[in-house]
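Quick notes on the structure that follows.
Reckoned from all heavy atoms, side chains included, excluding hydrogens, waters and symmetry mates. Residue numbering restarts at 1 for every chain, and letters A, B, ... go by the order of the sequence lines.
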Amino acid sequence: MSENQAQESEQLSTTYDARKTELETYKFWEDNSCFKADSNSKKEPYSIVIPPPNVTGVLHMGHALDSTLQDILIRYNRMLGKEVLWMPGCDHAGIATQNVIEKNLAREGKTRHDLGREKFVEKTWVWANEHKNRILEQFKLLGASFDLSRKRFTLDEGCNNAVKKVFVDLYNKGLIYKGNYIVNWCPRCQSAISDVETNYETEPGHLWEISYALKDEPGAIVIATTRPETMFGDVAVAVNPKDYKYKDLIGKNCVMPLTGRVIPIIGDDYVDKSFGTGALKITPAHDPNDFEVGLRHNLPQIKVIDEKGYMAQNEYVPPQIQGLTREDARKKTVEMLEQHQVLVRVVEHVHNVGKCQRCNTTIEPLLSTQWFVKMKPLAEPAIKAVKDGSIKFIPQRWEKNYLMWMENIRDWCISRQLWWGHQIPAYYHNKTGEMVVALENPDPDNYTQDKDVLDTWFSSGLWPFETMGWPDTSSADYKKFYPTTTLVTGFDIIFFWVARMITMGLEFTGVAPFSTVYIHGLIRDEHGQKMSKSKGNTIDPVDLIEKYGTDALRFTLTYLCTYGGQDIKISDEKFEFGRNFTNKIWNASRFVLMNLTKTKDELKLDLNKLTIADKWILNELNETTKLINENIENYRIGEVASILYEFFWNKYCDWYVELSKIEKNEAVLVYVLENFLKLLHPIMPHITEAIYQKMPINKETIGIINSSYPKYDNKLSFYDDAKKMQTVFETIKALRNIRAEFNIPLGSKINIVIDKNEQLYSQIIPYLERLAKVAKVEFKQNVQIPKSAYCVVDDTKITIPLEDLIDINQEIKRQQKKIEKLEPELNSIVKRLQNEKFTTSAPADVVEKTKARKEELISQINLIKETINKLS
RNA sequence: GGGCGUUUAGCUCAGUUGGUAGAGCGCCUCCCUUACAAGGAGGAUGUCGGGAGUUCGAGCCUCUCAACGCCCACCA
């Protein structure tokens with residue numbers, strides 16, 4: 001696509017080779033640095049940061065949708081003349097990446113401990129460096145116009161500096177603390193995870209009722225539990241103080257079965273009298289609620305399950321149970337309880353079990369020393385920003401969701417017992433254990449850094465500003481492109497990511513990191529199931545691209561992406577829709593370019609030389625342009641796709657290009673095509689660029705990519721002429737209809753008699769002759785032609801002598817059917833107009849419209865009746 | 001337990017201020033009319049989940065019921 005080529009009118013190939021065109025076009029943009037953002041530009045900025053895909057990731061349909069939407073906004077704003085930056089990068093994905101490397105090691109029969117931390121991290125870096133480019137390279141297949149010269153990684157040096165600064169500052173402000181609390185512990189990942197990384201699954205289970213004997217007196221108290229294996233960590237039995245059944249037992253002691261340990265019976269409002277037996281065992285080290293109860297009552301904390309999910313080997317756990325898995329321990333404990341005849345009852349019980357988001361292992365609530373972010377003070381400004389409109393969610397309903405979460409926010413456990421990630425900048429004196437939180441190790445000889453790393457989302461939470469050079473607020477990118485404009489993502493990471501970016505952005509930069517959050521739905525399979533590799537129901541975007549082309553993929557996804565942000569169900573075949581559209585665009589463009597006879601300069605649009613057909617299509621283009629601009633500004637991107645499809649296929653191709661075979665205005669053909677391509681470019685960038693390059697027009701810029709987006713233009717508004725043209729179309733359609741209904745072959749031409757409006761119809765005779773295969777048009781007033789069919793367009797009666805063409809009886813039946821269809825509507829309209837309340841309270845134009853419709857129906861019905869009479 | 005979403009043509013879904021329903025696919029008829037059969041022309045198909053209310057008028061607003069789905073909470 002050299003400059004020489006671009007200057008000349010060229011034929012388009014007979015068939016469209018999407019992949020070839022797309023690769024060439026993308027290369028053309030890259031070679032010309034079309035995606036590069038200039039932070040010194042004077043133009044208004046527009047920026048988006050990509051939701052960084054995991055370095056472990058492979059391109060999937062979710063990326064395809066998400067990136068297409070971002071690219072549409074980026075390209076649109078670029079064409080609006082703004083200085084756009086789409087910041088790419090990927091996420092180091094702490095647990096996910098470490099899992100991959102560990103799995104690789106496992107194949108060699110090794111664990112990460114065989115390598116040691118340093119070697120392991122080194123190895124992971126090698127892998128990450130290989131893979132972090134792979135996923136962004138794949139995004140290129142989507143046509144992504146991001147600025148790869150700026151690509152970032154959440155674990156690169158810049159991000160690490162930002163993370164350290166944020167950590168240290170939050171610590172100094174008292175918003176980060178370290179403490180011993182119950183956390184969600186994944187025994188497989190061997191790490192704490194946060195609340196949002198824990199998913200609950202409903203599972204059938206049991207409620208075991210166990211009898212605890214009272215100490216020094218007869219009787220027992222029966223507790224109910226779903227986890228008997230944790231009983232060895234019990235430190236009390238709790239009842240509700242208002243529960244008359246147990247009130248008197250409070251303050252007494254009981255003796256635990258199997259171990260004989262003596263624990264107190266306490267009263268606490270937390271206990272629900274009506275659940276289970278109304279008595280609850282308290283195990284502070286293994287249950288978050290029990291932990292709270294334990295603190296209130298100053299109870300000890302006894303750990304009986306270790307970090308790997310095995311029963312502890314300590315004096316609290318009976319020897320038969322020690323070292324068993326949680327599952328085996330449960331069976332064994334129940335067995336032993338039965339033997340001791342203290343198992344009172346087993347009730348089937350469906351309950352929710354926490355699972356690790358990463359590996360689906362059952363979470364163990366575990367007492368552990370971890371780092372936390374105190375969220376309440378950070379949440380306040382984040383709530384305010386959404387409430388006062390500084391940040392707007394689209395669709396708006398997500399604001400409620402966000403606010404509910406923020407208003408009930410809990411502290412965020414940020415430490416992970418992993419090796420891959422940002423190591424916590426806390427340093428401990430080797431002898432005294434004194435802790436220093438600082439950007440750098442104060443004295444590497446005597447201080448050792450905290451072993452833990454930070455939750456991946458901690459660094460992702462800084463993404464909009466850490467990628468712009470922060471903490472250097474004088475950096476060019478930060479000044480030009482921060483805060484960013486729009487954030488585009490799925491609803492599934494509003495809490496994980498969006499909420500954290502907002503809190504961190506406000507806390508550290510004083511402004512919201514973006515003003516609009518555009519939330520789209522999730523991609524699902526044709527049955528509405530989430531796509532997953534394990535279910536085997538995934539559709540690979542790369543396959544779709546190879547089969548249908550990137551533009552077809554983008555267009556189909558966009559078309560399916562409705563304003564409500566509903567999930568999108570897809571199947572392979574659905575993309576034929578977009579493929580067919582690319583084919584149509586290519587062929588229509590090919591036809592138009594093929595038939596041009598004029599030179600570039602002669603193709604200038606001359607508004608003084610327009611037929612009504614020209615004015616009609618220019619008016620349609622103009623109205624379409626207006627609608628497109630409005631809808632894209634309002635994030636109704638699916639609507640944009642559908643409007644463009646309708647305009648091009650049903651207006652430009654079906655009518656205007658067809659009309660051009662009779663009488664053509666090359667300048668208009670080219671003008672409309674050019675502007676349509678520009679309007680479509682953000683959605684289907686490659687094909688529009690490829691055709692644009694071959695158009696014989698004076699181009700303002702190197703490519704359509706940086707041409708200016710069409711705007712509504714008063715000079716192109718031809719409402720009255722457009723309406724006339726509609727009449728032409730109605731006439732043609734009516735005639736075609738009669739022809740098709742009666743199988744009048746195209747070979748046999750028909751005559752028509754038009755009873756008035758000669759002036760208008762004389763303009764359209766050529767069209768009628770060609771498009772409706774009319775042989776002869778006559779103008780007569782009030783003629784009586786036997787055995788005729790009529791049709792009415794506007795107020796003009798068109799008579800078609802049928803005698804020689806059709807079966808008359810069949811026609812009578814057809815006409816009667818028509819009346820049956822029209823009458824119910826007429827009846828209801830008449831009724832409405834008789835209703836005084838309607839005529840007085842409805843707006844005048846509505847009443848007028850209704851009256852007009854009534855007249856129209858009456859005249860239509862009369863005409864049909866007349867036709868029937870004439871035929872019989 | 002709390003919140004949200006969905007329910008419209010056989011299928012997948014649109015429907016922006018309330019004025020009597022649209023598209024794509026599929027289906028039926030005809031056409032290779034030389035840009036496109038991945039196409040063209042025409043056609044059939046809906047008491048807009050049920051019920052009630054507001055209104056002259058409801059797919060759209062209010063209430064209620066039902067089914068399905070999602071999120072949050074996590075009563076052991």
May I ask you to say whether A:E546 pairs ionically with A:R19, meaning some side-chain N is under 4.0 Å from a carboxylate O? no

N/O to N/O distances under 3.5 Å, protein versus nucleotides 28-30 of chain B:
none

Among B:rG40, B:rA35, B:rG24, which nucleotide sits nearest the side chain of A:D654? B:rG40

How close or far is atom P of B:rA73 from atom CZ of A:F275, stated in whole angstroms? 19 Å

Please work out the stems of RNA chain B from pairs that are Watson-Crick or G-U wobble with both distances under 3.5 Å, keeping only runs of three or more consecutive pairs. B:1-7 with B:66-72, B:10-13 with B:22-25, B:27-31 with B:39-43, B:49-53 with B:61-65

Please confirm whether A:R410 makes a cation-pi placement over A:W405, using NZ or CZ under 6.0 Å from the six-membered ring centre and within 45° of the ring normal. no

Closest to side chain of A:F495, choosing from B:rA38, B:rC72, B:rA23: B:rC72

Does this structure show an ion pair linking A:E229 with A:R326, if we count only N-O contacts that are shorter than 4.0 Å? no

Between A:E364 and A:R227, is there a salt bridge with N-O shorter than 4.0 Å? yes

Going by modelled atom types, is there a donor-acceptor pair between the base of B:rA35 and the side chain of A:E658 at under 3.5 Å? yes

For the side chain of A:Y652 and the backbone of A:L669, is there at least one donor-acceptor N/O pair under 3.5 Å apart? yes

What I want to check is whether an N or O donor and acceptor connect the side chain of A:R579 with the base of B:rA38 at under 3.5 Å. yes

Whole-Å distance separating the CG atom of A:N352 from the C1' atom of B:rA76: 13 Å

Got a list of protein N/O to nucleotides 2-4 of chain B N/O distances below 3.5 Å?
residue: B:rG3; atom: O3'; partner: A:K400; partner atom: NZ; Å: 3.3
residue: B:rC4; atom: OP1; partner: A:K400; partner atom: NZ; Å: 2.8

Can you tell me which nucleotide in B:rA38, B:rU20, B:rG39 comes closest to the side chain of A:N583? B:rA38

